[in-house]
Asks: 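Take this structure first; my questions come after.
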Amino acid sequence: MIKKITVFFLGLMLLIPLHSLATSDTKVSIDMHYIVISPTEDGGTNMMNMVNYTNTAGQEFKGDGKSEEVLNVTLPEGAEDLNFLDNQIAFKEVEKGFITTTPIPANQTMVLPYSYRMAKGKEISLKSDYPVQMMQILVPEGRGSIEVKGAEATSQGSFKFDDQNYFGYSIEGLKANQTFTLVYNKDVQPPADETKKAETTSQSGNNSSVTHTAPAFHNPGHLRIWAQSPLHCFNPHVFLIILVAIVIAGISYYIYFRRKARILDERLGADKEEKAFKLLMTKQKAIMDKIIELEESFGDGKLLEDEYHAKLEAYKQHLVQVKLNLRNFVE
């Protein structure tokens with residue numbers, strides 16, 4: 001049964017990446033985009049980003065092949081002090097943001113960590129250059145709140161990460177080249193019961209009510225480690241299920257074989273005891289026969305009295321020892 005379950009989940013794990021390849025229209029998509037928003041000392045806004053770009057093609061992605069550009073990242077108008085946090089990925093600043101020149105290997109994910117600053121009073125207008133499965137926006141507790149215009153956002157309430165409390169928002173299913181605006185107000189904190197209320201957002205200039213709750217946050221550090229691991233092309237939740245199934249199967253087989261070996265040992269031990277008991281019973285009968293034979297020989301005058309008593313004493317001592325051993329089985 002465990003083997004069947006393991007094979008079933010393994011099949012699911014293999015199908016998921018194939019399905020995602022089949023349904024994707026672009027070679028590059030963004031699995032997860034994290035943004036941490038916090039105020040600067042001069043009243044501006046600091047924007048820290050960590051983005052997972054996945055190459056869904058079976059060959060290395062080098063961009064359109066017409067230039068050195070691999071990935072293009074558009075920054076909000078007025079963005080300053082761009083800081084690229086991974087020195088292993090080559091990048092160049094351009095007029096509206098920056099580009100990377102490091103190819104993305106086939107079926108792998110490249111994680112881009114970068115930050116920039118928005119001046120006080122500047123509107124934060126974001127553009128998703130590639131399809132985005134999920135964007136999660138984090139604001140440190142007590143550092144204000146955000147309003148999303150042009151996309152549907154959900155409140156995820158307050159949570160703790162690395163000894164810091166954050167308030168979170170989630171945006172799902174952004175299309176390539178879709179634009180939306182973040183309105184950050186460091187002086188207005190989200191209500192305490194925000195997780196129980198619908199957050200009002202604007203979709204393409206029109207107001208829409210959000211009535212669902214987004215899934216819980218994943219640890220950004222854990223996601224980055226997974227994205228850079230050889231297993232990144234698999235669904236991590238399915239992989240975890242398979243891993244648990246393998247562990248359970250291993251423990252079950254270990255217990256089964258240990259129990260089977262113990263039963264076999266007990267059976268062999270019982271067989272040995274039975275053989276030893278039968279051997280002692282045979283010895284006892286043989287000694288008794290020898291004693292009867294000895295008495296018949298002495299009665300016929302074939303043995304001297306001294307020889308008779310010496311052999312009889314030896315047989316009796318041997319018989320006593322055999323009976324003592326038999327008593328151990330009885331008791």
Side-chain angles (χ1 to χ4, degrees), residues 30-53 73-87 91 93 96-98 111-129 132 134-172 174 179-195 197 199-202 210 214-225 227:
I30 297 174
D31 300 329
M32 183 68 71
H33 186 161
Y34 280 100
I35 303 177
V36 179
I37 299 179
S38 59
T40 60
E41 294 181 357
D42 60 0
T45 306
N46 188 50
M47 307 281 290
M48 294 188 64
N49 296 259
M50 188 181 77
V51 193
N52 294 349
Y53 292 86
V73 180
T74 302
L75 298 181
E77 184 178 353
E80 303 174 345
D81 301 332
L82 173 64
N83 184 20
F84 202 76
L85 305 176
D86 192 332
N87 56 15
F91 79 102
E93 292 191 51
K96 294 184 178 182
F98 67 89
V111 181
L112 296 187
Y114 60 92
S115 66
Y116 55 89
R117 187 176 63 87
M118 298 295 296
K120 183 178 181 180
K122 283 284 185 179
E123 185 179 71
I124 306 174
S125 179
L126 300 178
K127 176 185 176 183
S128 56
D129 299 282
V132 180
M134 179 174 289
M135 175 179 289
Q136 294 187 337
I137 306 168
L138 290 67
V139 180
E141 190 174 66
R143 298 293 185 89
S145 60
I146 65 165
E147 179 186 354
V148 181
K149 296 181 179 180
E152 185 174 318
T154 52
S155 169
Q156 294 191 317
S158 181
F159 69 99
K160 192 171 186 178
F161 171 63
D162 284 349
D163 297 327
Q164 170 69 52
N165 290 327
Y166 292 90
F167 199 90
Y169 306 85
S170 177
I171 304 174
E172 297 183 28
L174 291 172
T179 59
F180 59 96
T181 302
L182 298 181
V183 180
Y184 173 58
N185 191 331
K186 66 181 181 64
D187 298 319
V188 178
Q189 309 304 323
D193 59 345
E194 181 71 17
T195 55
K197 293 164 49 179
E199 178 185 345
T200 302
T201 61
S202 175
V210 180
F217 277 99
H218 290 286
N219 187 313
H222 293 171
L223 283 177
R224 183 174 183 180
I225 293 173

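The figures that follow rest on heavy atoms only: side chains count, while hydrogens, waters and symmetry mates do not. Position 1 is the first residue of the sequence; numbering continues from there.
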Asks: Within the 4.5 Å heavy-atom criterion, are V36 and Y166 side-chain neighbours or not?
Replies: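 Side-chain contact under 4.5 Å: yes.
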Asks: Drop me the distance from Y116's OH to T45's OG1, to the nearest 0.5 angstrom.
Replies: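 Reported value, rounded in 0.5 Å steps: 10.0 Å.
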Asks: Show the nearest heavy-atom pair for residues P76 and L126, with the distance to one decimal.
Replies: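 For P76 versus L126, the nearest heavy atoms are CG-CD2, 3.4 Å.
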Asks: Taking salt bridge (Lys or Arg N to Asp or Glu O under 4.0 Å) as the definition, give me every residue that meets it alongside D81, ordered by chain and number, with sequence neighbours left out.
Replies: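 Partners of D81 under the salt bridge (Lys or Arg N to Asp or Glu O under 4.0 Å) test: R117.
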Asks: Would you find a donor on one side and an acceptor on the other, under 3.5 Å apart, between the side chain of E93 and the backbone of F98?
Replies: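 Absent.
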Asks: Nearest 0.5 Å, please: how far is CD in Q136 from CE in M50?
Replies: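 The distance works out to 9.5 Å.
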Asks: Looking at L174, V51, L112, which one forms a side-chain contact (heavy atoms from CB on, under 4.5 Å) with I30?
Replies: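 Result for side-chain contact (heavy atoms from CB on, under 4.5 Å) with I30: V51.
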Asks: Please round to the nearest 0.5 Å and tell me the distance separating atom NE2 of H33 and atom CD1 of I171.
Replies: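 Going from the NE2 atom of H33 to the CD1 atom of I171 covers 10.0 Å.
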Asks: N83: what forms a side chain to side chain donor-acceptor pair (under 3.5 Å) with it, not counting sequence neighbours?
Replies: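 For N83, no residue satisfies side chain to side chain donor-acceptor pair (under 3.5 Å) once neighbours in sequence are set aside.
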Asks: Drop me the distance from D42's CG to K120's NZ, to the nearest 0.5 angstrom.
Replies: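 The NZ atom of K120 is 8.5 Å from CG of D42, to the nearest 0.5 Å.
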Asks: State, yes or no, whether a side-chain contact exists between V148 and L182 at a heavy-atom distance under 4.5 Å.
Replies: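 Heavy-atom side-chain distance check passes, below 4.5 Å.
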Asks: Work out which heavy atom in S145 is nearest to a heavy atom in V188; give both atom names and the distance.
Replies: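 So the two residues come closest at OG-O, 2.7 Å.
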Asks: Nearest 0.5 Å, please: how far is CD in E77 from NZ in K122?
Replies: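 The distance works out to 6.0 Å.
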Asks: Hey, does Y184 have a side-chain heavy atom less than 4.5 Å from the side chain of R143?
Replies: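 The answer is yes; the side chains approach within 4.5 Å.
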Asks: Taking the side chain as every heavy atom from C-beta outward, state whether I37 and I137 have any pair of such atoms under 4.5 Å apart.
Replies: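 Heavy-atom side-chain distance check passes, below 4.5 Å.
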Asks: Got a donor-acceptor contact below 3.5 angstrom from the S170 side chain to the T154 backbone?
Replies: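 Not a single qualifying donor-acceptor pair exists.
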Asks: Which heavy atom of P39 sits nearest a heavy atom of K186, and at what distance?
Replies: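 For P39 versus K186, the nearest heavy atoms are CB-CD, 3.8 Å.
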Asks: Quick one: pull up OG1 in T40 and CE in M118 and give me the separation to the nearest 0.5 Å.
Replies: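 Separation between the atoms: 11.0 Å.
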Asks: Would you say D129's side chain and T74's backbone share a donor-acceptor pair under 3.5 angstrom?
Replies: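 Pair found, side chain donor or acceptor close to backbone of T74.
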Asks: Heavy atoms only: give me the nearest Y169-P190 pair and the separation to one decimal.
Replies: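 Looking at all heavy atoms of both residues, the shortest contact is OH-CB, 4.2 Å.
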Asks: Under the side-chain contact (heavy atoms from CB on, under 4.5 Å) rule, what do S158 and E141 come out as? Steps first, then yes or no, please.
Replies: CA-CA 8 Å; S158 181; E141 190 174 66; 3.3 Å; yes
Asks: Would you check, one step at a time, whether the test side-chain contact (heavy atoms from CB on, under 4.5 Å) holds for V73 with F84?
Replies: CA-CA 12 Å; V73 180; F84 202 76; over 6 Å; no
Asks: By side chain to side chain donor-acceptor pair (under 3.5 Å), which residues pair with N87, not counting sequence neighbours?
Replies: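 Applying side chain to side chain donor-acceptor pair (under 3.5 Å) to N87 gives none.
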